[in-house]
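Everything numeric in this text was worked out from a predicted model, so none of it was measured. Numbers restart at 1 for each chain; the letters A, B, ... are given by sequence-line order, proteins then strands.
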Amino acid sequence: MKEQLRQIIKTALTQLISQKSLPELVLPEIQIDRTKDKSHGDFACNIAMMLARQAKMNPRQIATLLIEELPETKFITQVDIAGPGFINFTLSADAAQEIVKTVLQAGEQFGQSQLGAGKSVQVEFVSANPTGPLHVGHGRGAAYGSAVSNLLSTAGFKVHREYYVNDAGRQMDILATSVWLRYLEACGEKLVFPSNGYKGDYVLTIANDIKTEQGDTFVKAVADVFESVAADEPAGGDKEQHIDDLIAKAQDLLGDEAYRQVFDAGLQSILSEIRQDLSDFGTDYEEWFSERSLMEMGVVDKVITQLKAVDMLYEQGGAWWFRSTQFGDEKDRVVVRNNGQTTYFASDIAYHLNKYQRGFDTVIDIWGSDHHGYIPRVKASLAAAGEDVERLKVLLVQFAVLYRGSEKVAMSTRSGQFVTLRELREEVGKDAARFFYVLRSADQHMDFDLELAKSQSNDNPVYYVQYAHARVCSVFRELSERGLAWDKAEGEQALSRLTEEHEQAIMSMLSRYPEVINSAAVNYTPHLLAHYLMDLARDFHTYYNAHQFIVDDHGLSQARLTLITAVKQVISNGLGVLGVSAPGTM
RNA sequence: GCGCCUGUAGCUCAGUUGGAUAGAGUGUCAGUUUCCGAAGCUGAAGGUCACAGGUUCGACUCCUGUCAGGCGCGCCA
């Protein structure tokens, strides 16, 4: 519709210029906006004001000329000039009703478009370290990432959802060592658990499982384990050195194979919990990509060799540094530590190059906002490798600050004090949690009040939207109880009977849906869709209270039933994109 | 100190990429069912869009500065 308006305005303008009614102009992009106020018609165009300066004419004067030159169309009944020079268009009733048929014909596919033209997009999100269960902080990334993915795929992009598993590196070694020490305790050994180890209950569970399955296979004397290990922080030492020494001891005493078994027991246990949690949360992936596989395939080493070859790395203090300052980063970054170990950054360079090589047109990373300082160096590494930096988009998700009532909840994975995503889902429900997370724009800090979410979950706006859907279903239940039926063809025939203000508002709202989807997809803003659904639900509830759908006037009744079926379809489609269910009863 | 994000109603937040009289939810108050689900609907009250300049037909939106909050600045991941 907007496109059609744009066309007729454009032809009118070129006509005016060739008639010399207007001087030669550089035509800007013609903007068509939906009006906020019903009294301004359905669509508004500000072109007259934009041209006023160039043409050295009064905007209202331009608008008058333009209107006279507009061709006759069936879909517009009225054109007005308003305010400083807005041109307002009012849609004909026929054109407005057309949307109801369009919705019903497209069904579940209503809202889909070819905007993406089949271009491929990879979306990587959540990607939490498998050192513990997912907590509520990860929930926002999961809800946002999957909503963005669904939006893109609805808008015609080919989407590849991916979880990057950090199954290598020091944090995982700390986890493996934590598990082993808990295992030793489970086997009756007495020891002081390191202050920097993972203290969550899940570590005990994993340790006990190992004991059940493997017995005392991995038991070593505690005296040997702690022999010549640097002091821990509470004892006046350095907690980092302490845990690093313990890791070395674990690897040494257990040997490669046994250490790997303990390591994998922890990794697999936690990873399978994470997969389960995400799946239950309605978040599914095409691929789980292992960091370790990059290392084992030698990709990381290869990248380092390549960077050395083009003089992008230099040695200093026994470590190898990447010249990221040449690409605008604040300082150069270490990729190989002086102990020979590659850093997380090194594998991340390899990972991103690998993403590029897989040929995605666009690569999207969704990170917690605390990682924003990391963006320049990743982009720098891509530039250094001669890749197009614009293909990578990093979307940041601000933290949700947790509250219990008015009290802030402290969160720390290491200390094991947090609310898990699973607890949240079990108490609040998947639908409410997902909708709540996606209701705010991602770059907005968010307060997440657990008390509110748990105890007063009926206040969650998701129920308002779902209720609209359930209400439509309920009307149809009532219909069949009265021995009546809805006839789609008859209803579509009678759409011209829908003349009430409420009905027109709903039809206008329905026609906005495809625009909302596209806009939300292109801007990565699922909250637009959430707000749209609330608006649509409100229009429906208002309509419901103002008018009866099952009435004696047969044609009118059929037309109204047709309209609310379209509403139900759009709500169901929209909630589906957000990963929220649309129940028939509540 | 430098960088990124944010500042809109008592509270939680939108604001269609610069448009018309700044909007919802929640909370408060007042109404609403012999009628398809009251998890609903109707109305009232509530604002110096942090502050000060600038850009133009027009600014919550763009630019500069100030103030306030969050986050980040490791041979951690």
Query raised in the report: Donor-acceptor pair under 3.5 Å: do we get one between His372(A)'s side chain and the base of G3(B)?
Result: yes
Which whole number of Å gives the distance between the [atom1] atom of [N] and that of [M]?
N	M	atom1	answer
C62(B)	C5(B)	P	11 Å
C51(B)	G47(B)	P	14 Å
G74(B)	U66(B)	C1'	33 Å
A24(B)	C41(B)	P	13 Å

Less than 4.0 angstrom from a charged side-chain N to a carboxylate O is my criterion; do [X] and [Y] meet it?
X	Y	result
Lys355(A)	Asp365(A)	yes
Lys2(A)	Glu515(A)	yes
Asp329(A)	Lys379(A)	no

Would you mind classifying the nucleic acid contact of [X] as base, sugar-phosphate or nothing, using non-hydrogen atoms under 4.0 angstrom?
X	value
His502(A)	nothing
Ala82(A)	base
Ala319(A)	base
Asn88(A)	base

Measure the distance from [atom1] on [X] to [atom2] on [N] and round it to the nearest whole Å.
X	N	atom1	atom2	answer
Ile87(A)	A20(B)	CD1	C1'	14 Å
Lys239(A)	C76(B)	NZ	C1'	11 Å
Asp443(A)	C71(B)	CG	P	17 Å
His371(A)	G74(B)	NE2	P	14 Å

Can you figure out which of [options] approaches the side chain of [X] most closely?
X	options	answer
His531(A)	C57(B), C36(B), A14(B)	A14(B)
Lys331(A)	C73(B), G15(B), C75(B)	C73(B)
Asn338(A)	U16(B), C75(B), C76(B)	C75(B)

Query raised in the report: According to a strict under-4.0 Å criterion, is Arg337(A) in side-chain N/O contact with OP1 or OP2 of C76(B)?
Result: yes
Query raised in the report: According to a strict under-4.0 Å criterion, is Lys36(A) in side-chain N/O contact with OP1 or OP2 of A20(B)?
Result: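 Yes, such a contact exists.
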Query raised in the report: How does protein reach along nucleotides 37-44 of chain B, written 5' to 3' as B (base within reach of a heavy atom under 4.0 Å), S (only sugar-phosphate), or - (no contact)?
Result: BSBBSS--
Requested in this report: Begin from the C-alpha positions of Glu478(A) and Arg482(A) and carry the test salt bridge (charged side-chain N to carboxylate O under 4.0 Å, His left out) through to its verdict.
Outcome: CA-CA 6 Å; Glu478(A) 175 70 18; Arg482(A) 295 192 197 175; 2.8 Å; yes
Query raised in the report: Any side-chain donor-acceptor pair under 3.5 Å between Glu490(A) and His554(A)?
Result: yes
Query raised in the report: Does Arg471(A) make a cation-pi contact with Tyr544(A) (under 6.0 Å, within 45 degrees of the axis)?
Result: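 Verdict for Tyr544(A): a cation-pi partner in Arg471(A).
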Report summary line: Its dot-bracket string being built from Watson-Crick and G-U pairs below 3.5 Å, with | for another strand and [ ] for crossing, RNA chain B has the pattern (((((((..((((.....[...)))).(((((.......))))).....(((((..]....))))))))))))....
**Report entry** Ring geometry between Tyr532(A) and Tyr513(A) (parallel below 30°, tilted from 30 to 60°, perpendicular above 60°)
**Finding:** tilted
Query raised in the report: Would Phe86(A) count as stacked on A20(B) if the rule is ring centres under 5.5 Å and plane angle under 30°?
Result: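 Yes.
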Report task. Evaluate whether the aromatic ring of His527(A) and the six-membered ring of the A14(B) base sit under 5.5 Å apart, centre to centre, with an inclination under 30°. Result -> no
Report task. List the steps, then state whether salt bridge (charged side-chain N to carboxylate O under 4.0 Å, His left out) holds for Arg170(A) with Asp244(A). Result -> CA-CA 9 Å; Arg170(A) 181 165 172 265; Asp244(A) 279 340; 2.8 Å; yes
Query raised in the report: Does the side-chain hydrogen bond (donor to acceptor under 3.5 Å, both in side chains) test come out yes or no for Gln171(A) and Asp173(A), once each step is laid out?
Result: CA-CA 5 Å; Gln171(A) 293 306 319; Asp173(A) 283 320; over 6 Å; no
